[in-house]
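Data first, discussion second: the structure below is written as structure tokens.
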Protein chains: 2
Amino acid sequence: MFLSSYANSHQVAKATPFKEADSLHGLFSRQPAEHLAIGQSLFFEGDETRHVFEVVEGTLRIFRIISDGRRVITGFLYAGDIVGVSLKERYLYSAEAITPTKVRRLARRAFDDAVADSDELRPEVFSRVCDEMAAVQDQLVLLSSKTAEERLCTFLLRHLRRMIAGGNRETTIELPMTRQDMADYLGLTIETVSRTITKLIGKGVVNVTNPAARHFIKIEKPGMLAQLAGDGGECPEALHDLMAQGDRRRH
Amino acid sequence: MFLSSYANSHQVAKATPFKEADSLHGLFSRQPAEHLAIGQSLFFEGDETRHVFEVVEGTLRIFRIISDGRRVITGFLYAGDIVGVSLKERYLYSAEAITPTKVRRLARRAFDDAVADSDELRPEVFSRVCDEMAAVQDQLVLLSSKTAEERLCTFLLRHLRRMIAGGNRETTIELPMTRQDMADYLGLTIETVSRTITKLIGKGVVNVTNPAARHFIKIEKPGMLAQLAGDGGECPEALHDLMAQGDRRRH
DNA sequence: CGCCATCTTGATTGATATCAAATCCGGTGG
DNA sequence: CCACCGGATTTGATATCAATCAAGATGGCG
């Protein structure tokens, strides 16, 4: 599966002078960069997992095509992410570039050996696997119980946080994916995504300043966005109420 | 997170004469068994992850309570499963016994050290983490794109497969969880779960033989169940159509 | 025997999908 | 430079599946 870099990626990204085996980023740094054009595939669902990849630049979508032809996007990959670790013999999804993308690859075997040998790498891999697992959990909660508006707000909020974690003080986020991608990721239709964004603009929560760039969204009211996302920041807040039973509401 | 044992668990379970560190099961085997009554909690979301657990007997639900009070069940734990591995400092969910349950625990630290030291344990942990990731992926697809009937059928089918994988030739599966649990796991309401099961009985796909035991469901037509589950067996079948674009349907 | 939790069934509503048609925008070629 | 084309997006009208609201039915258990 893919591994989100979170805060890590940025620190690591700056620190190229690492000894190769000291970090996952270092491990990939000597590999040649490969370029993917928009729409180009990195690998397909069902392919043998011969390589592990580091995304150097750009964004990819990872998805499965289900029997009726629909597409389910299970995640996006951003610069600093690593993909292909928590998989056995076959990829469980396809990966496709959304923007011009640069990646580095490592043979599966070489990667596994390096990680097995290094006391520095193992915790880093572990940490990323945990982050990835946590992200999938959150997505599971989103899909199983959130409304269209909550899903959109959660999605925007995650982007805003990624931005802030990356040290960027901007409140304009870039959404490199299309509305269709967002729909397939959030378990909605493209029409519902569009309508919901329109509604959020109407509420003054977000704004699309430059009409030429629907892929740039200004977050006008981050606090309200968090409210509408419908959970105390993707985390439990009023927890540990010692199992407040018998109060289970709708759904 | 929790780790499904799949086929592994059964082989391992028989082989108690292993040297302790040879298998995960062996690693736990010297720990005293602890008993949980129905409804009793093993740990709570937000607690520090001080222990890793092996489920020896029984079934647990793992879940999160979201801000509006609803409960999202993110998985179930069965005999042979291990829980608490792919987590950092805090549990991301609570775990609660659905049936009388027996578990063994290991201090987090002891577990990590044992795994770090053993060339036999590491692949086993890796394998289980991969299985878990695959399971969450499948759940994600289920929640993002399946109808109520497809969800129920998928759920029943998984139980049937677990049974078959366990060497049991029966086609009557036990569902130790309540209808509410199933609803919270499948992203439905209890009414929809109930209605959908009634409909499946009407179609002759399944049957509840003993009225006294709604928790035992006989699968009358496994083939049809798989059809209704709405995917070529939780796996892609007509894959690799070289990206049959521009045919994306509803949702 | 009768309470109580669990489950089932029925009637209605509502959010979102579906179907359909504009609108917008970048790119292309005249 | 401007008209046209096609993909992406938005907007509108309607349909539908599952949620909600509301009773019953069932079975375990004291």
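Because only heavy atoms are used, hydrogens play no part in the values below, and waters and symmetry mates are left out as well, while side chains stay in. Computed from a predicted structure; not experimentally measured. Below, chain A is the first sequence line, B the second, and so on; all start at residue 1.
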Can you label the angle between the A:F53 ring and the A:H51 ring as parallel, tilted or perpendicular, going by 30° and 60°? tilted
Please tell me whether B:Y185 and B:F76 form a close aromatic pair, meaning their ring centres lie under 6.0 Å apart. yes
What I want to check is whether the side chains of B:T171 and B:K218 have a donor and an acceptor closer together than 3.5 Å. no
Spacing of B:D184 atom CG relative to C:dC7 atom P, expressed in whole Å: 12 Å
Which of C:dT8, C:dA17, D:dT10 is nearest the side chain of A:R179? It is D:dT10
How close do A:S67 and B:G230 get, counting heavy atoms only, and between which atoms? OG-O, 2.7 Å
Nearest to the B:H215 side chain among C:dC7, C:dT16, C:dT8, which nucleotide is it? C:dC7
Whole Å only: how far is the NZ atom of B:K199 from the P atom of D:dA18? 7 Å
Rounded distance (Å) that lies between atom C1' of D:dC17 and atom NZ of B:K146: 17 Å
Whole Å only: how far is the CZ atom of A:R151 from the C1' atom of C:dA17? 12 Å
Between B:R195 and B:M177, just flag the one whose closest nucleotide in DNA chain C comes earlier from the 5' side. B:M177
Spacing between B:E149 atom CD and D:dT16 atom P, to the nearest angstrom: 17 Å
Does any donor atom in the side chain of A:Q139 or A:R151 lie under 3.5 Å from an acceptor atom in the other side chain? no
Among the nucleotides D:dT10, D:dG27, C:dA17, whichever has the atom closest to the side chain of A:T189 is C:dA17
Gap between atoms CD and C1', on B:Q180 and C:dT8 respectively (whole Å): 14 Å
Given D:dA19, D:dT10, C:dT8, which nucleotide is nearest the side-chain atoms of B:I190? C:dT8
For the side chain of B:S194, starting at C-beta, report the closest nucleotide among C:dT16, D:dT9, C:dT9. C:dT9
Using a heavy-atom cut-off of 4.0 Å across all strands, would you classify B:T178 as base, sugar-phosphate, or nothing? sugar-phosphate
Could you check how far CG of B:D181 sits from C1' of C:dC7, rounded to whole Å? 13 Å
Rounding to a whole Å, what distance do you find between A:L143:CG and C:dT16:C1'? 15 Å
Of the listed D:dT10, C:dA17, C:dT8, the closest approach to the A:T192 side chain comes from C:dA17
Out of C:dT16, C:dA20, C:dT9, minimum distance to the side chain of B:E191 belongs to C:dT9
